[in-house]
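Order of the sequence lines sets the chain letters (A, B, ...), proteins ahead of strands, with each chain counted from 1.
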Amino acid sequence: MAFGDDSPVDSVIQILRKRGLLDAVTNPAIEEIAAKQQITVYAGFDPSCDSLQAGNYVTIMALRHFQRCGHKVIALVGGATGLIGDPSGKTSERKFLSEEQVARNSEGIRENLSRFLDFNHPTAPARLVDNSSWMKDYSLIRFLRDVGKHFRMGSLLSKESVKLRLESEAGMSFAEFAYPLLQAYDFLRLYDDAGCTLQIGGSDQWGNITAGIELIRRLRNTEVYGLTIPLVCDSAGRKFGKTEGNAVYLDQNRTSCYEFYQFFYRTADADVIRYLRIFTLLPEEEITALESATRTRPEDREAARRLAEETTRDVHGDEGLRVAVRTSSVLFGETMTGLKSDDLLKVFADAPAAELPASKVVNRSVVEVAADAGLCGSRSEARRLVQAGGLYLNNRKVENIETRVAESDLIDGRLLVLRSGRKNHRLVMVR
RNA sequence: GGUGGGGUACCGAAGUGGCCAAACGGGGUAGACUGUAAAUCUACUGGCUCUGCCUUCCUAGGUUCGAAUCCUAGCCCCACCA
């Protein structure tokens with residue numbers, strides 16, 4: 001995949017296209033350029049939270065494809081821009097985060113990103129930068145003279161993110177309006193400092209990316225490029241990366257390895273092949289094989305399992321994957337007999353658990369225990385669950401509301417596994 | 001600042017004195033069918049010590065045997081005008 005040889009390998013842009021990671025480019029010439037020479041590409045990550053989310057994974061994958069094709073990649077953490085907030089795609093003004101919060105979040109994002117990029121690559125080492133390093137001491141007057149002067153109101157006002165907000169009741173503050181200038185300046189800095197000529201980002205970043213391209217054209221009289229990545233949605237049109245309304249994070253303190261694995265494992269057949277192309281680096285032949293496996297033996301869920309394995313290993317490592325797989329096999333296995341509580345505790349370290357005193361468990365009704373352990377929001381809810389036949393105690397269905405937890409139900413005298421439906425588990429530890 | 005409209009459960013939205021713990025839709029949870037998928041169908045969806053009781057319809061008071069519904073004050077939102 002080295003440059004200069006004439007081997008008929010796909011260029012990075014072609015790869016992105018085949019993988020479903022290409023939405024649009026600002027100039028088709030970039031395809032030719034990236035095929036012929038090493039370029040430097042960057043993508044920015046917003047520190048609005050202390051962990052990246054599954055949605056960001058898409059952008060990370062795109063960066064990796066660039067690195068694998070021998071290009072230099074830069075991941076930028078928006079430690080400065082995060083203090084303002086990107087208005088793109090937002091229908092209302094965001095609340096400012098405190099400086100401490102943004103600093104903390106930036107640290108988390110840096111840690112996340114460092115897992116995915118190769119900083120010791122012999123010819124194309126990745127770099128991680130934070131735009132606060134050049135923004136924090138930049139005075140407003142200088143910024144307006146250096147950068148602001150080169151932006152015309154017309155083009156700023158015609159940006160999608162601005163139009164949307166001006167039409168809405170919420171309106172828009174000057175701070176957010178000025179956001180594209182900040183991001184444009186980032187691109188300029190990376191162009192000057194690192195020779196970066198391509199910025200990639202989600203499709204909502206188009207306006208911010210073109211702002212940078214324009215700035216560089218005016219100030220450096222050079223054409224640089226932009227590329228956007230599609231917003232991934234499932235087959236039902238829902239935005240990818242949410243489970244029960246909660247975002248899936250790449251940090252295991254927020255989304256455990258088990259939950260992460262399960263999120264991908266539950267991918268619908270209609271989406272799984274597409275996701276394999278987007279979220280894994282599996283070769284096309286293998287994906288095609290999984291596609292036919294899904295068609296002929298859908299009940300084996302081979303493609304979904306593979307997707308979950310690849311992504312979990314990628315994000316949480318071999319150990320994380322091992323824990324996730326083991327936890328899953330116990331939770332979805334038929335029986336709990338023969339298991340020791342020590343094993344269970346290890347496996348369940350990753351599953352939701354609750355700790356209750358023995359007086360709150362032994363001889364109490366399952367309904368109360370399920371509510372106290374937090375599996376159900378209230379006793380009424382727990383009662384309804386039993387009536388619907390959806391509550392399980394140690395993987396055995398609870399048939400009667402009156403059922404009480406007996407001493408003998410406790411595994412090793414200290415552990416109880418409660419389950420609601422097929423997929424919601426709760427480990428109860430008795431103090 | 002003026003005028004008009006409005007705040008109902010997780011969301012949207014009906015209800016304008018008792019039949020209201022509050023229609024309907026969405027969402028959510030569970031069940032059936034399955035494959036931890038999708039689709040479909042069914043049930044549930046304020047709380048509790050559960051044939052009953054308690055707390056809800058922006059907030060605080062009031063009228064009434066009885067209020068989500070009427071009155072008073074306040075807060076908030078929206079539209080148009082300035």
Partner residues of A:Arg17 under the side chain to side chain contact (heavy atoms under 4.5 Å, CB included) criterion, sequence neighbours left out: A:Ile13, A:Gln14, A:Leu22, A:Glu31
Rounded distance in Å between the C1' positions of B:rU59 and B:rG7: 11 Å
Interatomic distance at C1', B:rC81 relative to B:rG74, whole Å: 25 Å
Interatomic distance where CD belongs to A:Glu259 and C1' belongs to B:rU36 [whole Å]: 15 Å
Atom-to-atom span, CG of A:Asn395 to C1' of B:rU36 - whole angstrom: 13 Å
N or O in side chain of A:Asn424 less than 4.0 angstrom from B:rU36 OP1/OP2: no
Lys/Arg cation over aromatic A:Tyr265: A:Arg301, 6.0 Å, 45° cone: yes
Assigned partner base of B:rC44, Watson-Crick or wobble definition, under 3.5 Å: B:rG28
Any A:Tyr275 side-chain N or O less than 4.0 Å from OP1/OP2 of B:rA37: no
Touch class at under 4.0 angstrom, heavy-atom based, for A:Gln387 against every strand present: nothing
Short side-chain N/O contact to B:rA37 OP1/OP2 from A:Lys423, under 4.0 Å: yes
Under 4.0 angstrom between A:Ser420 side-chain N/O and B:rA30 OP1 or OP2: yes
Watson-Crick or G-U counterpart of B:rU34, or none if no pair lies under 3.5 Å: none
Verify stack between A:Phe332 ring and B:rU36 base, 5.5 Å, 30 degrees: yes
Heavy-atom donor-acceptor pair, A:Arg379 side-chain to B:rU49 base, under 3.5 Å: no
Pairs meeting criterion salt bridge (charged side-chain N to carboxylate O under 4.0 Å, His left out) with involvement of residues 71-80 of chain A, two or more places apart: none
P spacing across the pair B:rG17 / B:rU69, given as an integer number of angstrom: 11 Å
Sugar-phosphate only, base, or nothing, as touched by A:Phe264 at under 4.0 Å among non-hydrogen atoms: nothing
Sugar-phosphate, base or nothing in reach of A:Arg301, heavy atoms under 4.0 Å: base
Side chains of A:Thr210 and A:Lys159 in contact at under 4.5 Å (non-hydrogen atoms): yes
Near-ring test A:His425/A:Phe332, centroid separation under 6.0 angstrom: yes
B:rA38 OP1/OP2 closer than 4.0 Å to side-chain N/O of A:Arg266: no
Rounded C1' spacing from B:rA68 to B:rU56 in Å: 10 Å
Derivation of the salt bridge (Lys or Arg N to Asp or Glu O under 4.0 Å) call for A:Arg305 and A:Glu309: CA-CA 6 Å; A:Arg305 188 175 321 106; A:Glu309 280 169 10; 5.1 Å; no
Between B:rG15 and B:rG25 - C1' atom distance, rounded Å: 16 Å
B:rG2 versus B:rG12 - spacing of their P atoms, nearest Å: 29 Å
Listed once per pair and sorted, the salt bridge (charged side-chain N to carboxylate O under 4.0 Å, His left out) pairs that draw on residues 248-259 of chain A, sequence neighbours left out: A:Asp50-A:Arg254
Output field: ring centroids A:Phe264/A:Tyr275 closer than 6.0 Å: no
Rounded distance (Å) that lies between atom C1' of B:rA38 and atom CD1 of A:Ile273: 15 Å
Who pairs with B:rU69 - Watson-Crick or G-U, where each distance is under 3.5 Å: none
Atom pair distance, as rounded to whole Å: CD in A:Glu302 and C1' in B:rU36: 16 Å
A:Arg384 vs B:rG47: side-chain N/O to OP1/OP2 distance below 4.0 Å: yes
Interatomic distance at P, B:rG5 relative to B:rA22, whole Å: 31 Å
P-based separation of B:rG28 from B:rA37 [nearest Å]: 14 Å
Length of the line joining A:Asp300:CG and B:rU34:P, which is rounded to integer Å: 16 Å
Base-pairing assignment for B:rC80 (Watson-Crick or G-U wobble, both under 3.5 Å): B:rG2
G-U wobble or Watson-Crick pairing nucleotide for B:rU56 (cut-off 3.5 Å, both distances): none
Which residues share a ring pair (Phe, Tyr, Trp, His ring centres under 6.0 Å) with A:Tyr225, sequence neighbours left out: none
Neighbours of RNA chain B within residues 365-378 of chain A, by heavy-atom distance under 4.0 Å: A:Ser378
Residues which pass salt bridge (charged side-chain N to carboxylate O under 4.0 Å, His left out) with A:Asp300, listed by chain and number, not counting sequence neighbours: A:Arg297
Sugar-phosphate only, base, or nothing, as touched by A:Ala270 at under 4.0 Å among non-hydrogen atoms: nothing
Value in whole Å for how far the P atom of B:rC44 lies from CD of A:Glu381: 15 Å
Length of the line joining A:Glu309:CD and B:rU36:C1', which is rounded to integer Å: 15 Å
Nearest-nucleotide comparison on RNA chain B, the residue closer to the 5′ end among A:Ala388 and A:Ser380: A:Ala388
Residue closer to the 5' end of RNA chain B, A:Tyr392 versus A:Ala268 (nearest nucleotide): A:Tyr392
Under 3.5 Å donor-acceptor pair, A:Asp269 side-chain atoms to B:rG35 base atoms: yes
Interatomic distance where OH belongs to A:Tyr258 and C1' belongs to B:rU36 [whole Å]: 9 Å
